[in-house]
Amino acid sequence: MVEKVLFVVFAALAVGSGVGVITRSNIVHALMLLIFSFVNIAAIYLLTSAFFIAVVQILVYAGAILVLFTFVVMFLNLRQYQSMEQLHPTQKWVALILTPLVLAEFVVVALAATWTAVGGAYDPETVAAGGGNVALLGERLFADALLPFEMASLILLVGMVGAVVLAAKEGHEYMDTRAWSGTDEERTPEFVEQEV
Amino acid sequence: MPTPDVTPIIPELILMVAACLVLVVEPFLKLDKTAVVAIALTGLLAYGAAAFALLGQDMAGFNDMVVINDYAIFFKVLFAAAGVMTVLMSPRYLEAHDRHLGEYYALLLFAILGMSVLAAARDLMAFYVGLELMAVSSYLLAGFFRYQLRSNEAALKYFLTGSFASAITLYGISMVYGFTGATNYAVVGTALAGGENTLAVAFATALVFAGLGFKVSVAPFHMWTPDVYEGAPTPIAGFFSVGPKAAGFAAILMMFLAVFEASVDTWTVIFIAFSIFTMLVGNLFALVQRNVKRMLAYSSIAHVGYLLAGMGALGRSGDLLAGEAILLYLAAYTFMNMGAFGVLVYLKTQQPVTFDYTLDDMAGLARRSPWAAILMSLFMFSLTGIPGTAGFIGKFYLFNAVVRADLVWLAAIAVIFSAVSAYYYLRVMIYMFFRESEEEFVVGESISGPLAASLGLAAAGVLFIGLVPARLVDASVGAFQNFLGL
């Protein structure tokens with residue numbers, strides 16, 4: 001009973017803030033509401049004992065991706081677009097046709113599909129006996145899939161090195177000797193920054 | 001939890017340690033980067049040596065995700081050779097561009113690490129992370145000259161189209177996983193052979209082919225190649241033209257023989273059709289290029305076309321000969337193409353301002369720098385396939401395998417296109433030997449030791465494979481037979 005009440009509360013908050021995301025004209029407010037919506041969805045995952053997905057939801061979506069969105073919005077200074085009603089007015093009519101179609105498709109599929117659980121090695125009892133799904137997932141990840149896991153960490157390292165290579169400021173001994181590089185001779189970092 | 005046996009990845013571990021050492025040492029260096037170059041070189045040599053020492057081993061590790069066998073070792077040694085040549089070419093070139101940073105070598109080592117895992121993978125997950133490690137490092141290397149518009153363009157194009165191709169491959173892989181519930185090549189192959197979803201499997205095959213075809217620049221997925229080669233630092237362009245291609249073909253051979261064995265009839269037709277188109281596009285566009293770097297990019301597409309013909313022959317006949325010929329061709333191609341790019345690196349280091357890789361810039365080279373002209377001629381002869389060079393041996397074995405698979409007409413097309421290619425390769429020589437340079441040329445500085453060593457290695461490889469092919473033929477026969485005994 002408690003779970004049902006909690007579910008309704010979290011679901012209402014998630015949907016409510018979701019509606020807020022698409023109705024706010026201030027994009028920063030919309031982003032904050034989106035984060036709130038994601039956190040509520042994470043709470044629903046927790047209620048269904050999907051602890052790992054709940055944590056990933058908060059870390060990846062509410063954390064990393066939304067922070068990225070916020071940064072981009074703040075860098076681009078989108079305030080000038082606020083007053084505009086809509087950039088592409090014809091889109092409205094296309095959307096008017098497409099949206100009910102997609103909705104109808106979802107409804108038809110949801111009604112027609114028969115939902116059966118796929119019997120695998122992991123039913124609720126074995127998961128509970130193994131110490132919960134986070135523990136089981138960790139075992140699989142660090143034993144069976146150890147090599148891809150470690151390789152993924154190397155990919156992340158390369159990403160960091162790349163960010164440094166592409167974005168770091170260089171020492172001044174490099175700055176003045178770039179005169180020969182043809183058409184791009186004025187493209188010092190300062191120049192690029194001004195352009196942006 | 002038992003400690004995993006790391007024997008199958010010892011060479012890769014050496015490479016990883018070297019790359020991390022480069023990153024750690026780099027901040028302590030000022031303008032002189034000799035220490036970093038030495039670490040990268042030692043790491044690559046140790047990687048190749050460790051792989052060589054494991055020759056004859058045949059074992060799988062990490063839950064059967066990677067193997068060490070003669071096939072994987074063949075590619076590891078090949079990657080080590082390409083890496084050593086690239087590293088030796090780079091220092092003076094990067095100094096001439098005021099962008100000599102240690103990260104360059106670290107990224108190169110990481111790219112080779114990804115290629116190495118790609119060639120040794122026996123599992124779709126290991127395959128994909130290897131592919132991504134190679135790809136992400138390559139995007140960054142392409143854009144290494146961040147103040148040059150062309151380099152930025154190269155990186156952006158490579159990144160956008162490359163991620164798209166990776167996603168397509170991944171989509172195909174996810175479908176395969178959906179059908180079989182497994183990621184291990186052998187298990188997936190058996191499951192697909194017994195399954196029914198033939199149309200869906202053919203679709204997944206096509207998706208994986210498109211993704212991997214992008215990586216090795218099969219036409220019509222080749223659009224990025226000339227722009228990326230033109231914009232990337234020249235040693236890296238040379239590396240791109242051999243390293244990721246060899247790794248891509250290592251993966252293609254394994255994917256299509258082990259995983260998609262069931263749909264062999266489908267993919268044989270795909271490979272033959274794309275082979276003809278790729279040869280056509282590569283050779284025709286190469287004819288009209290006046291920029292030597294772009295010409296080499298299109299020529300590399302043409303060479304991929306020949307290799308695809310070999311894949312078609314392999315699918316049609318199931319003959320070992322075709323697979324061996326592909327390995328042989330990749331090895332020969334590595335040396336001759338690295339050499340050709342190496343000569344361009346030398347010329348650019350000599351005249352950083354005026355040299356722009358055009359044919360006119362090559363005019364009168366024989367008078368100014370006879371050795372460079374002679375070496376370039378050797379590599380051009382080899383790319384054409386003149387007897388006595390590695391290129392001839394590669395083409396001879398490859399076309400022979402195509403003929404043996406009852407595809408005489410395909411071999412005839414390939415030979416005709418090879419004859420066409422002579423036009424644009426030999427044109428470079430005509431400019432070097434028979435045209436006079438329009439401007440006065442001042443010899444900047446003599447060739448640097450490492451670059452000379454790199455060119456010497458490439459030339460020695462070309463001549464060695466061309467004149468005494470027996471050793472390499474034995475190696476590729478051993479490697480491929482071992483691969484089939486999966």
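Here is how names work: the chains are called A, B, and so on, in the same order as the sequence lines, proteins then strands, and each is numbered from 1. Heavy atoms only: backbone and side chains are in, while hydrogens, waters and symmetry mates are out. None of the values given here were measured: they were computed from a predicted structure.
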### Query
Is there side-chain contact between A/Val165 and B/Leu140, with heavy atoms separated by less than 4.5 Å?
no
### Message
Using every non-hydrogen atom in the two residues, find where B/Arg146 and A/Leu166 come nearest and quote the distance to one decimal.
### Response
NH1-O, 2.8 Å
### Task
Please flag which part of B/Ile9 lies under 4.5 Å from any non-hydrogen atom of chain A: side chain, backbone, both or neither.
side chain
### Task
Please check if atom CZ in B/Phe159 has more than 12 non-hydrogen atoms from other residues, nucleotides or ligands closer than 6.0 Å.
no
### Query
Which pair of heavy atoms, one from A/Asp144 and one from B/Met65, lies closest together, and at what distance?
O-CE, 3.5 Å
### Query
Looking at CG of A/Leu157 and CG of B/Leu23, how far apart are the two atoms once the value is rounded to the nearest 0.5 Å?
6.0 Å
#### Entry: Contacting moiety of B/Leu133, where chain A heavy atoms sit under 4.5 Å
both
### Summary
Distance col, row B/Asp64:CG vs A/Leu147:CG, nearest 0.5 angstrom, shows 12.0 Å
### Task
Check the surroundings of atom CZ in A/Phe69: do more than 12 heavy atoms from other residues, nucleotides or ligands lie under 6.0 Å from it?
no
### Message
To the nearest 0.5 Å, what is the distance between CD on B/Glu12 and CE on A/Met151?
### Response
8.0 Å
### Query
Can you name the closest pair of heavy atoms from A/Pro148 and B/Ala126 and give their distance?
CG-N, 4.2 Å
